[in-house]
Amino acid sequence: MCPKCFESMTFSSKTANRIIDRVNIFSCGVYEKTLQKLIRGLKYHKQKELAFYLAKFMYEYWKELGDKRDFQVVPTPMHPNRVKKRKYNHMNLVVEEFCKLSGYTPNYDLIRRVKDTKPQYKLTRAQRLINLENAFEVDKSKDLRKPVLILDDISTTGVTFEEMIKSLHKSGFNEIVCLAASSP
């Protein structure tokens, strides 16, 4: 990732592109060109060093929103079978870098994916809802007593965030914001 390529990525508007159950969902940019290559390189091609650039892109957007609360930052979890296959959760790497930039506390264990779901990219919204139903579980022993900021790479239909929000609400969490690096 060169500085010119990084600067070529454009930010989305600074308004929530979706609201799910009273939770704002923000998308930093559009899933195209350089941002698409950045996410794919990190996610599928083991280019772990790209986590810094994705986190930086997300943090630059986040700063502009001006939310001054002290968040615990939660990555969208992957099922252990997928982590074993891929060898890492790319969003854990992004959260680590995001927290270095923001000073927030990472919380990798608050939400677990307990259902081994199919990849989402070829599924319709209705299929995604079925696929992700009861996929997440909150471990309240990992609660840091701070508002929750969930990070994900792509939010297409919002179903992943929606299911995570449901799980958090059931566990008594109400201060939640979701931030995706991109949306289509």
Side-chain angles (χ1 to χ4, degrees), residues 16-28 31 39 42-44 46 48 51 54-55 58-59 62 67 69-100 102 104-183:
N17 68 331
R18 182 179 277 124
I19 298 172
I20 298 172
D21 203 12
R22 301 174 320 280
V23 174
N24 287 327
I25 313 295
F26 294 94
S27 179
C28 302
Y31 187 66
I39 291 169
L42 173 62
K43 191 171 185 173
Y44 301 116
K46 298 182 180 18
K48 295 179 185 179
L54 189 58
M58 294 176 80
Y59 180 64
W62 177 253
D67 194 323
R69 292 177 286 175
D70 183 24
F71 285 88
Q72 57 182 316
V73 184
V74 174
T76 298
M78 289 172 39
H79 191 272
N81 292 344
R82 186 149 321 148
V83 173
K84 187 176 180 180
K85 182 178 176 185
R86 199 178 286 170
K87 308 279 191 256
Y88 64 99
N89 179 344
H90 65 292
M91 288 313 299
N92 283 7
L93 301 175
V94 173
V95 164
E96 180 181 348
E97 296 296 336
F98 187 91
C99 288
K100 287 178 188 175
S102 65
Y104 295 149
T105 306
N107 191 338
Y108 303 105
D109 301 314
L110 182 64
I111 303 173
R112 293 187 309 262
R113 190 178 294 241
V114 294
K115 182 178 172 186
D116 194 1
T117 56
K118 296 179 208 170
Q120 299 279 92
Y121 62 92
K122 291 183 179 178
L123 303 179
T124 65
R125 176 169 170 72
Q127 291 168 325
R128 289 172 190 227
L129 282 165
I130 293 166
N131 190 40
L132 284 173
E133 187 175 21
N134 300 314
F136 300 103
E137 193 172 87
V138 174
D139 184 348
K140 290 175 76 172
S141 74
K142 306 298 183 183
D143 177 11
L144 298 177
R145 299 283 172 211
K146 293 181 178 185
V148 175
L149 174 61
I150 303 171
L151 299 190
D152 202 359
D153 55 0
I154 305 166
S155 178
T156 305
T157 62
V159 171
T160 303
F161 282 140
E162 185 175 340
E163 288 302 313
M164 291 173 71
I165 290 165
K166 280 182 194 175
S167 296
L168 285 165
H169 280 169
K170 282 183 201 171
S171 296
F173 290 87
N174 293 309
E175 284 189 85
I176 307 164
V177 178
C178 298
L179 184 65
S182 64
S183 61

Within a strict 4.5 Å, meaning less than it, do heavy atoms of the [X] and [Y] side chains meet?
X      : Y      : answer
Leu42  : Val94  : yes
Arg69  : Val177 : yes
Leu168 : Leu110 : yes
Val73  : Leu151 : yes
Phe98  : Leu179 : yes

Closest heavy-atom pair and its distance - His79, Asp116: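 That closest heavy-atom pairing would be CD2-N, 3.4 Å.
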Please round to the nearest 0.5 Å and tell me the distance separating atom [atom1] of [X] and atom [atom2] of [Y].
X      : Y      : atom1 : atom2 : answer
Lys43  : Met91  : NZ    : CE    : 9.0 Å
Leu144 : Thr105 : CG    : OG1   : 6.5 Å
His90  : Thr76  : NE2   : OG1   : 8.0 Å
Ser27  : Phe161 : OG    : CZ    : 8.5 Å

Step-by-step side chain to side chain contact (heavy atoms under 4.5 Å, CB included) determination, Cys178 to Asp152: CA-CA 8 Å; Cys178 298; Asp152 202 359; over 6 Å; no
Side chain to side chain contact (heavy atoms under 4.5 Å, CB included) assessment of His169 paired with Arg22: CA-CA 11 Å; His169 280 169; Arg22 301 174 320 280; 4.2 Å; yes
Carboxylate-amine/guanidinium contact Arg112 Asp139, below 4.0 Å: yes
Expected output: side-chain Asn107 to main-chain Lys142 donor-acceptor under 3.5 Å: yes
Test log, rule side chain to side chain contact (heavy atoms under 4.5 Å, CB included), inputs Thr156 and Tyr31: CA-CA 10 Å; Thr156 305; Tyr31 187 66; over 6 Å; no
Derivation and outcome, salt bridge (Lys or Arg N to Asp or Glu O under 4.0 Å), residues Arg128 and Glu162: CA-CA 11 Å; Arg128 289 172 190 227; Glu162 185 175 340; over 6 Å; no
Given Ile165, Ile150, Leu132, the one that forms side chain to side chain contact (heavy atoms under 4.5 Å, CB included) with Thr160: Leu132
Residues in side-chain contact (heavy atoms from CB on, under 4.5 Å) contact with Arg18, at least two apart in sequence or another chain: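 In terms of side-chain contact (heavy atoms from CB on, under 4.5 Å), with neighbours along the sequence ignored, Arg18 is linked to Ile20, Ile25, Ser155.
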Residues that Phe71 engages under ring-ring contact (aromatic ring centres under 6.0 Å, His included), provided they are two or more places apart: Trp62, Tyr104
Residues Tyr88, Lys46; criterion side chain to side chain contact (heavy atoms under 4.5 Å, CB included); working and verdict: CA-CA 9 Å; Tyr88 64 99; Lys46 298 182 180 18; 4.0 Å; yes
